**Q** 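Let me begin by handing over the structure; questions about it come next.
Heavy atoms only: backbone and side chains are in, while hydrogens, waters and symmetry mates are out. Convention: sequence-line order gives letters A, B, ...; per-chain numbering from 1. From a predicted model like this one, the values you see are computed outputs, not experimental measurements.
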Amino acid sequence: MTICRLGQQIHASLIKNGSVLDVFVFNSLLDMYCKCGQSEFAMKVFQGISEPSSTSWNIMICGFLSSGDLMSAQKLFDVMPYRDVSSWNTMLSAYAKCGELENAKRLFYEMPVRNLVSWNALIAGFSQNERFDEALSTFSEMLKAGIRPDKTTILSVVSAVSTISSPGDDVVKQVVGFARAIGSVSVLTAVLDMYAKLGRIDDARAIFDEISEKDLVSWNAMISGYSQNQKPAEAIQLFRDMQSECRVKIKADKLTMVSLISSCSQMGALALGEWVHTYIEKFGIEFDEYLAAALVDMYAKCGDLDRSRRIFQEMPRKDVALWNSMIKALAIHGEVKETLKIFAQMERNSVTPNDITFIGLLNACSHGGFAEKGLELFSLMQSQYQIVPRIEHYGCIVDLLCRAGRLTDAYDFVKKMPIKPDKVIWGALLSSCRSHQNVELAEEVARKLTELDPNHDGTYVLLSNVYASVGKWRDVKKVRDQMKAQNVQKAPGCSAVELDGVLHEFTAGDKTHPRFEEIYKAWDEIVKRIKPMGYEPDKGFSLKNLDEVDKEEALNRHSEKLALTFAFISTEHSQHKPAIKIVKNLRICGDCHTAMEFVSKLEGREIIVRDRNRFHHFKAGLCSCGGYW
DNA sequence: GTAGGGTTAG
């Protein structure tokens, strides 16, 4: 504003002094007024120019476009006496940016001369409006016309390729070839990001190592690449490398922080997450909605729902993603009523929910056994918000019906779905068959699952659990043999517990921990004390085809029990006994769930388990999931 | 005139 006033003063004094204003001075004035957002006034000045040059016209067109006035820009463009390439390109990119690609295309083929910028503008237009195929076909048309792509072309094309679900190998190779030939940091970073988004994290790393003069963007792209490919430990390690290698030259920013926080929430590493939060405050990193959403998610996934609530409430501006984060946070903690309250608030604030909002809401209903409410929301989302349900939403509904015990309804729903059910849907049905001991349906569903993915370990484990739950040990063995024959390995269950900021990991039957003997003995003691309270080991959850004694032994060495016992014996003698927080990579086992209820009562300690689905707060013999899990 | 990195997801 002050700069604009200064400009006005200069303009006024030019007139006062009676200076001769040639077209160059006029153009500078036009440019100044346009850039200060005064395109209306610039237009008056423009009309006073006796012989405007084509640059004057271009500046005015640009000015109208930047103030969002496409109509005025178009009118000027139409009456221009002479159009140079820049005029055409300006108009073309304006159409491209606001998504009017039919107009952009028309202009592109109408223009008498085209240059590299014209091609780039059209390609970028397609790419930014998610019309990736057209971006690529325009690119190849450009190559056929004998035009050599530059940095800008490749940046657009690379970003188009990274968003296509499965780009052809030859396309990727060709683009990477051009990028390597250009070899600038920004282009290589774009390629790195592309590989990361395609899930080719090793290729991404190879490019990263190739960049000699890495800047903040390159580091951030690689860190977020790791984080988005479920490699949180690598993300954090890379951040440490960045700090030790170039602490002076490169300073982490809010984008770095977002990836770090997301990594912490994946690991359930609260202490580390708090450290990042402190870092943000200490270095005054700008706190925006992205960061807030990431923190809300992190604190919730690390078990501190109150911190999530506070951060959410203190944010003055809340975008959809932030609302979604809070909804999801409450959902995984089973706070169904509060989830619905937040959603009502969101509607009152006129924030339009999106597809992800409803995934969170349906999830909450499913975790709380609110089947009717969930079905109601499912139809609201279609009727009121015109959201076409994706496979994820159907998955939520199946899950919802299953957990509410409506197995038949769930199966009918799957049969009537307009989309082909995927393995997640069948998986939800199958695990529900386990809790309702429905062998017949389980076998049918398992067949569907094996058709879709013959090597998925979960199918075999679930089916074997169904058989085990009804004591069909011979069938359990059959499944196990099949697994062996197919060479399917069960993903090992892994539980971690954080003590004094150090993460201790355990796998089932783990004997690698230095204190394993002590841990085993301590658990056996606990079992002796909870059995009289009514605990009965549920051997149906033991996967192995062993005799009764061994079955109980295997059950006693599940990773979550080891983690619990370790936390327990490590804090037994300390005065302050905070809740024990365990993070498990798979779903918590049913027997472990029962055992923990008893332990929380026996020891008067709060136990919090985060499994791959949700949180379980065990307190005084009860779990917050109320049996819906 | 065209331009590389971020949150939420069964």
**Q** Report which part of the nucleic acid A:Asp253 touches: base, sugar-phosphate, or nothing (heavy-atom distance under 4.0 Å, all strands).
**A** base
**Q** By nearest atom, which of the nucleotides B:dG6, B:dG10, B:dT7 is closest to the A:Ala293 side chain?
**A**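 It is B:dT7.
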**Q** Determine whether a donor-acceptor pair (N or O, by modelled atom type, separation under 3.5 Å) exists between the side chain of A:Asp422 and the backbone of A:Val424.
**A** yes
**Q** Between the side chain of A:Thr90 and the main-chain N/O of A:Ser86, is any donor-acceptor distance below 3.5 Å?
**A**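 Side chain of A:Thr90 to backbone of A:Ser86: a pair is present.
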**Q** If the cut-off is 4.0 Å, is A:Gln228 near the phosphate of B:dT7, judged by side-chain N/O to OP1 or OP2?
**A** yes
**Q** OP1 or OP2 of B:dT2 sitting under 4.0 Å from any side-chain N/O of A:Thr153?
**A** no
**Q** Assign A:Asp319 to base, sugar-phosphate, or nothing according to its heavy-atom contacts below 4.0 angstrom with the strands shown.
**A**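 Touches nothing.
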**Q** Using a 4.0 Å cut-off on heavy atoms, which residues in residues 106-120 of chain A reach DNA chain B? List them by number, or say none.
**A** A:Asn115, A:Val117, A:Asn120
**Q** Measuring from the side chain of A:Lys328 (C-beta onward, heavy atoms only), which nucleotide among B:dA3, B:dG10, B:dT7 has the closest atom?
**A** B:dG10
**Q** So what does A:Val191 hit on the nucleic acid, given a heavy-atom distance under 4.0 Å: a base, only sugar-phosphate, or nothing?
**A** nothing
**Q** Considering all heavy atoms of both residues, which atom of A:Lys251 and which atom of A:Met242 are nearest to each other, and what is their separation?
**A**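 Result for this residue pair: C-CE, 4.4 Å.
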**Q** Examine B:dG1: is either OP1 or OP2 under 4.0 Å from a nitrogen or oxygen in the side chain of A:Lys97? Give yes or no.
**A** no
**Q** List for me each residue that meets side chain to side chain donor-acceptor pair (under 3.5 Å) alongside A:Asp457, sequence neighbours excluded, and say none if there are none.
**A**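 A:Asp457 satisfies side chain to side chain donor-acceptor pair (under 3.5 Å) with no residue once adjacent residues are dropped.
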**Q** Need one value for A:Ser366: base, sugar-phosphate or nothing, where a base atom within 4.0 Å counts as base even if backbone is also close, heavy atoms only.
**A**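 Nothing, no nucleic acid heavy atom in range.
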**Q** What does A:Val424 touch in the nucleic acid at a heavy-atom separation under 4.0 angstrom: a base, only the sugar-phosphate, or nothing?
**A**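 The answer is base, as A:Val424 lies within the cut-off (heavy atoms under 4.0 Å) of a base atom.
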**Q** Donor-acceptor pair, distance only, cut-off 3.5 Å: does the side chain of A:Asp399 make one with the backbone of A:Asn363?
**A** no
**Q** Taking N and O atoms by type only, does the side chain of A:Thr90 place a donor or acceptor under 3.5 Å from a partner on the base of B:dG1?
**A** no
**Q** Once you apply a heavy-atom cut-off of 4.0 Å, does A:Asp215 come out as touching a base, just sugar-phosphate, or nothing?
**A** base
**Q** May I ask you to evaluate whether A:Lys301 reaches the phosphate of B:dT7, defined as a side-chain N or O under 4.0 Å from OP1 or OP2?
**A**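 False: A:Lys301 side-chain N/O out of range (4.0 Å or more) of B:dT7 OP1/OP2.
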**Q** With a non-hydrogen cut-off below 4.0 angstrom, is A:Ile327 in contact with a base, only sugar-phosphate, or nothing?
**A** nothing
**Q** The side chain of A:Ile356 lies closest to which of these nucleotides: B:dT2, B:dG10, B:dT8?
**A** B:dT8
**Q** Mind checking if A:Ile359 touches a base, just sugar-phosphate, or nothing, with heavy atoms under 4.0 Å?
**A** sugar-phosphate
**Q** Side-chain N or O of A:Lys197 less than 4.0 angstrom from OP1 or OP2 on B:dG6?
**A** yes
**Q** Under a 3.5 Å distance rule, please check whether A:Gln382 uses its side chain to pair with a backbone N or O of A:Phe378 as donor and acceptor.
**A**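 Side chain of A:Gln382 to backbone of A:Phe378, a donor-acceptor pair under 3.5 Å: yes, one is there.
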**Q** Judged by atom type as modelled, is there a donor-acceptor pair below 3.5 Å linking the side chain of A:Ser72 to the main-chain atoms of A:Asp69?
**A** no
